[in-house]
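Working notes for the structure below.
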Protein chains: 2
Amino acid sequence: MSVTIKDIAKKAGVSITTVSRIMNNKSEGIRKETCEKVLKVIEELNYKPNSIARSMITKKTNTIGLVIPDIRNPFFPELVRGVEDVANNAQYTVFLCNTDSSHRKETDYLTIMKEKNVDGIIFSGPQETQSKEFYQTVQEYEIPVVLLDRGQENRDFGGVYIDNEKAGYLATKHLLELSHRKIGCITGPANIPNSNERFKGYTKALSEFQVPIDDSIIITGNYLMEGGYQAAKTLLKEKDVTAIFAFNDLMAFGVYQAAVELGINIPNDLSVVGFDNLTYNQLLIPKLTTIEQSAYKMGEIAATMLFDQINNKNISKEQVFMEPKLIINGSTKEFS
Amino acid sequence: MSVTIKDIAKKAGVSITTVSRIMNNKSEGIRKETCEKVLKVIEELNYKPNSIARSMITKKTNTIGLVIPDIRNPFFPELVRGVEDVANNAQYTVFLCNTDSSHRKETDYLTIMKEKNVDGIIFSGPQETQSKEFYQTVQEYEIPVVLLDRGQENRDFGGVYIDNEKAGYLATKHLLELSHRKIGCITGPANIPNSNERFKGYTKALSEFQVPIDDSIIITGNYLMEGGYQAAKTLLKEKDVTAIFAFNDLMAFGVYQAAVELGINIPNDLSVVGFDNLTYNQLLIPKLTTIEQSAYKMGEIAATMLFDQINNKNISKEQVFMEPKLIINGSTKEFS
DNA sequence: TTGTATGCGTTATCAT
DNA sequence: ATGATAACGCATACAA
């Protein structure tokens with residue numbers, strides 16, 4: 001059996017109130033001797049307060065939920081770490097919840113977070129089609145929520161995103177300025193809003209350069225390496241694109257593999273632009289031209305926003321859009 | 001204010017005991033009508049039981065702590081996911097704790113896990129030098145613990161590891177069989193047991209082939225890409241090794257970068273063996289010969305062992321050693 | 001400066 | 001088949 005506040009009180013010969021006060025640094029009106037005596041007993045018995053019992057009274061658990069699609073997607077570890085560092089600093093602990101973007105898992109975890117009385121939730125990923133139900137549930141639960149990276153189409157919650165449309169625009173424009181005109185596009189899964197936004201940027205840039213949009217070189221991807229590989233094979237074998245814009249680095253990595261396999265040289269025969277600027281980009285030869293998203297920073301900002309809501313009890317709907325940055329590396333080259 | 005069991009009881013016109021019974025599927029001795037009536041109210045009010053209050057009584061939180069060095073190290077996402085999948089299946093939620101292998105953070109998180117009354121802890125990383133204190137604390141806390149990937153030198157706890165010595169042996173032997181004799185070695189940080197074990201395997205293989213151990217081509221690394229890069233620069237510029245065994249893939253990736261920079265061709269001028277078989281291995285040209293650790297599976301096994309301890313209240317000290325597997329790819333070649 | 005008593009939302013024990 | 005009540009470990013209003 002664990003040692004409780006009662007044990008301390010008894011052994012120190014004081015009331016539990018006194019012990020409680022000392023534990024919570026409310027020792028103002030307490031005699032020095034008493035304080036020392038109690039502290040000594042606490043030390044001796046190595047007493048750790050039961051935060052569960054404390055939560056029952058205070059209605060605070062010092063715990064937040066972090067709900068993401070999949071930690072194995074290399075975009076998320078950085079983001080998670082940014083959240084955790086801020087949380088840890090604020091004396092909070094983080095529940096990690098992987099949903100695989102499954103509606104069931106998202107809902108399940110939401111319920112669990114409610115039941116576990118987390119003080120707030122950072123959520124990355126609710127699908128557009130399921131948004132209404134999601135938002136209804138969250139609001140009913142009355143838990144502060146900050147959306148992260150995905151969910152920008154919903155203005156009912158605070159969130160941190162990058163400006164996906166602008167990012168898509170910058171990437172495409174870069175290729176256009178290098179005289180590419182047949183620019184293949186490997187998008188994210190259908191109906192993923194951030195993919196849609198990136199696609200808007202793609203079409204906007206094409207329009208500006210008066211390049212007609214060719215549906216046959218636009219392929220719906222899945223944000224996975226394998227998906228990029230498959231899409232690239234189609235684009236490179238059946239269509240003769242001179243450039244490919246993949247909506248994330250993982251798929252761009254797949255493009256590299258397809259290129260190697262087909263004996264196509266990057267960047268001489270094919271220019272490639274990715275999205276994320278993952279660390280592993282450094283492994284590629286040539287390095288990938290890509291859009292930088294500072295995932296760690298996004299995590300930090302989201303967590304900071306959440307704690308602001310928690311501490312000040314103000315439900316904020318502020319939406320922060322990070323400025324995307326084009327990182328030009330060796331995978332893009334003037335078309336001639 | 002959230003809706004509680006009292007609200008349900010009142011609205012349904014029954015006692016809270018009845019509601020509780022129904023919530024916990026102890027509805028054996030309850031009339032069908034009553035049951036339906038209560039269920040309906042629960043549905044109507046969207047009642048979710050407060051698991052905090054429940055934990056106070058049951059002494060179970062259905063929560064485990066997962067303590068790792070850093071989720072950004074690409075070895076860990078797989079491992080974390082393995083743990084989470086098993087946990088989620090068993091109706092458990094996971095606290096993710098990054099320690100950066102810092103003694104202070106490890107201790108802090110241990111205390112926090114105790115305070116939060118987790119039902120068990122999966123711990124990856126306690127430093128050898130700090131083990132005694134760690135193990136004392138854990139045992140005092142009386143929380144089931146399973147060690148994961150790091151900590152194999154301690155037989156007081158159950159754990160899941162790979163057979164690091166054998167792995168080191170296999171990797172080195174492979175190079176020796178390819179006629180390499182000047183085999184540089186980039187280890188993990190000093191005093192990290194798994195690195196020491198791998199090193200044992202390295203020396204064992206060398207001995208078997210009667211190759212003397214040359215301290216000048218053994219460099220202490222840090223398990224990071226940058227560290228591998230620096231070490232490789234030294235090895236390649238000042239010593240003329242024909243092969244390098246890096247104690248993890250991340251450092252091997254650094255070796256690739258150094259080689260590119262120095263105009264050294266892999267595998268023609270230099271053979272490289274890594275350790276981990278990270279997914280990103282596929283991006284390298286040539287692909288890296290390496291040791292496979294199935295991190296996901298290790299996570300699964302560790303979690304399963306932990307739940308076994310939790311459910312059966314048997315403190316097991318079983319140590320599972322996964323069989324390492326040498327994956328031969330294009331980065332190693334016969335020396336001539 | 002310190003202590004008593006109440007209550008947080010459940011489950012469990014014992015009645016009825 | 002159902003209910004009243006104690007208990008879990010703590011924080012807090014109020015008392016002394």
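Atoms considered below: every heavy atom in the structure, side chains included; atoms not considered: hydrogens, waters and symmetry mates. Chain naming here is simple, since letters A, B, ... match the order of the sequence lines and numbering starts at 1 in each.
Summarising the geometry, the separation between CG on A:Asn62 and P on D:dC10 is reported as 16 Å, rounded to the nearest angstrom. Following rounding to the nearest Å, A:Lys10 (NZ) and D:dG9 (P) show an atom-to-atom distance of 13 Å. If you measure from atom CD1 of A:Ile22 to atom C1' of D:dT12, you get 16 Å, rounded to the nearest angstrom. We find that NZ of B:Lys60 is positioned 14 Å from P of C:dT11, with the value rounded to whole Å. Between A:Lys48 atom NZ and D:dG9 atom P there is a gap of 17 Å when expressed in whole angstrom units. Between A:Lys6 atom NZ and D:dC10 atom P there is a gap of 10 Å when expressed in whole angstrom units. What separates CE of B:Met23 from C1' of C:dT11 is a distance of 13 Å, to the nearest Å. For B:Ile8 and D:dG3, the CD1 to P distance is 15 Å, given to the nearest whole Å.
When each of A:Thr17 and A:Ala53 is assigned the nucleotide of DNA chain D bearing its nearest heavy atom, the one mapping closer to the 5' terminus is A:Ala53. Between A:Arg21 and A:Ile57, the residue whose closest nucleotide on DNA chain C is further toward the 5' end is A:Arg21.
OP1 or OP2 of D:dA11 has not a single side-chain nitrogen or oxygen of A:Lys59 nearer than 4.0 Å. At least one side-chain nitrogen or oxygen of A:Arg54 sits closer than 4.0 Å to the OP1 or OP2 atom of D:dA11. For D:dG3, the OP1/OP2 oxygens have a side-chain nitrogen or oxygen of B:Ser15 closer than 4.0 Å. Under 4.0 angstrom from either OP1 or OP2 of D:dC8 there lies no side-chain N or O belonging to A:Asn50. For C:dT10, the OP1/OP2 oxygens have a side-chain nitrogen or oxygen of B:Tyr47 closer than 4.0 Å. For the OP1/OP2 pair of D:dT2 and a distance below 4.0 Å, the side-chain nitrogens and oxygens of B:Arg31 include at least one atom meeting the criterion. When the side-chain nitrogen and oxygen atoms of B:Thr18 are compared with OP1 and OP2 of D:dG3, one or more of them lie within a distance under 4.0 Å. Not one side-chain nitrogen or oxygen of A:Ser51 sits closer than 4.0 Å to the OP1 or OP2 atom of D:dC10. Remark: A:Ser20 is in phosphate contact with D:dA11, judged by side-chain N or O atoms under 4.0 Å from OP1 or OP2.
Ion pairing of A:Glu78 with A:Lys297 is absent here, as no side-chain N (NZ or NE/NH1/NH2) approaches a carboxylate O to less than 4.0 Å.
Nucleic acid contact class of B:Ser55 (heavy atoms, under 4.0 Å, all strands): none. Within 4.0 Å (heavy atoms only), A:Ile16 reaches at least one base atom of the nucleic acid. No contact: B:Ser2 has no heavy atom under 4.0 Å from any strand.
Within the 3.5 Å criterion, the main-chain N or O of A:Ile52 finds a donor-acceptor partner in the side chain of A:Asn50. Under the 3.5 Å distance criterion, the side-chain polar atoms of A:Ser195 are matched with a main-chain donor or acceptor of A:Gly188.
Under the 3.5 Å distance criterion, with hydrogens and angles disregarded, a donor-acceptor pair is assigned to the side chains of A:Asp85 and A:Tyr296. Side-chain contact of A:Asn62 with A:Gln91: a donor-acceptor pair under 3.5 Å is absent, judged by distance alone.
The ring of A:Phe123 has its center closer than 6.0 angstrom to the ring center of A:Phe134.
Of all nucleotides listed (D:dG9, C:dT2, C:dT13), D:dG9 comes nearest to the side chain of A:Thr4. Here the nucleotide nearest the side chain of B:Ile5, chosen from C:dT10, D:dC8, C:dT2, is C:dT10.
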